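Below is one structure; the comments refer to it alone.
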Amino acid sequence: MSAAALEALEQAERAFNAAMVSNDPTQIAACITQDWVPVTPERGPISAQAILSAIGSGVLSHDTMIKTTHQICSAVSPPLRAEHGHVRPL
């Protein structure tokens, strides 16, 4: 992945994190795709609509949100990069 693509991914993740901490479903919806399905340790896969509804009603809120957007594993040859997260086309 190029440095520019990595920066775009990290920028999208920062925007998503800020939207989640805002607890504003409209801001969050602007950062996700229609097929976004978050997976939680408590309940597994949950629809985006269910998450946005829970946040909108105040049942679910976030005061922090951080994620690792990429990791590099050099214990294998050649080194591998594992990436996750959803990025909208720029």
Side-chain angles (χ1 to χ4, degrees):
M1 176 177 276
S2 71
L6 183 57
E7 177 55 33
L9 175 61
E10 291 174 353
Q11 186 176 45
E13 283 295 329
R14 285 191 298 271
F16 176 79
N17 293 345
M20 290 297 281
V21 172
S22 78
N23 295 302
D24 180 345
T26 303
Q27 286 186 40
I28 297 165
C31 295
I32 62 174
T33 60
Q34 290 191 4
D35 62 348
W36 180 66
V37 178
V39 179
T40 70
E42 300 84 11
R43 297 188 61 196
I46 302 175
S47 73
Q49 187 57 46
I51 291 285
L52 295 175
S53 293
I55 291 170
S57 70
V59 170
L60 175 64
S61 65
H62 298 83
D63 53 322
T64 62
M65 175 66 70
I66 56 173
K67 290 185 283 320
T68 301
T69 58
H70 63 281
Q71 296 175 314
I72 298 176
C73 177
S74 60
V76 296
S77 183
L80 301 175
R81 182 188 311 252
E83 298 166 357
H84 62 277
H86 298 279
V87 179
R88 290 178 160 226
L90 299 177

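Fair warning: this is a prediction, and the values are worked out from it, not measured in the lab.
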| query | Counting distance only, does the side-chain N/O of Ser22 pair as donor-acceptor with the main-chain N or O of Ala19 below 3.5 Å? | reply | yes

| message | Tell me whether Asn17 contacts the main-chain N or O of Ala15 through its side chain, where contact means a donor paired with an acceptor under 3.5 Å. | response | no

Let me confirm one number: the [atom1]-[atom2] distance from [X] to [Y], rounded to the nearest 0.5 Å.
{"X": "Glu7", "Y": "Arg14", "atom1": "CD", "atom2": "CZ", "answer": "5.0 Å"}
{"X": "Phe16", "Y": "Gln27", "atom1": "CZ", "atom2": "CD", "answer": "12.0 Å"}
{"X": "Ser47", "Y": "Asp35", "atom1": "OG", "atom2": "CG", "answer": "12.5 Å"}
{"X": "Ile55", "Y": "Asn23", "atom1": "CD1", "atom2": "CG", "answer": "6.5 Å"}
{"X": "Leu52", "Y": "Leu60", "atom1": "CG", "atom2": "CG", "answer": "10.0 Å"}

| said: Give me the atom names and distance for the closest heavy-atom approach of Arg43 to Ile46. | reply: CB-CD1, 3.8 Å

| said: I need the minimum non-hydrogen distance between Ala48 and Pro38, along with the two atoms involved. | reply: N-CD, 4.3 Å

| request: Kindly indicate, with the supporting measurements, whether the criterion side chain to side chain contact (heavy atoms under 4.5 Å, CB included) is fulfilled by Ile28 and Ile51. | output: CA-CA 10 Å; Ile28 297 165; Ile51 291 285; 5.9 Å; no

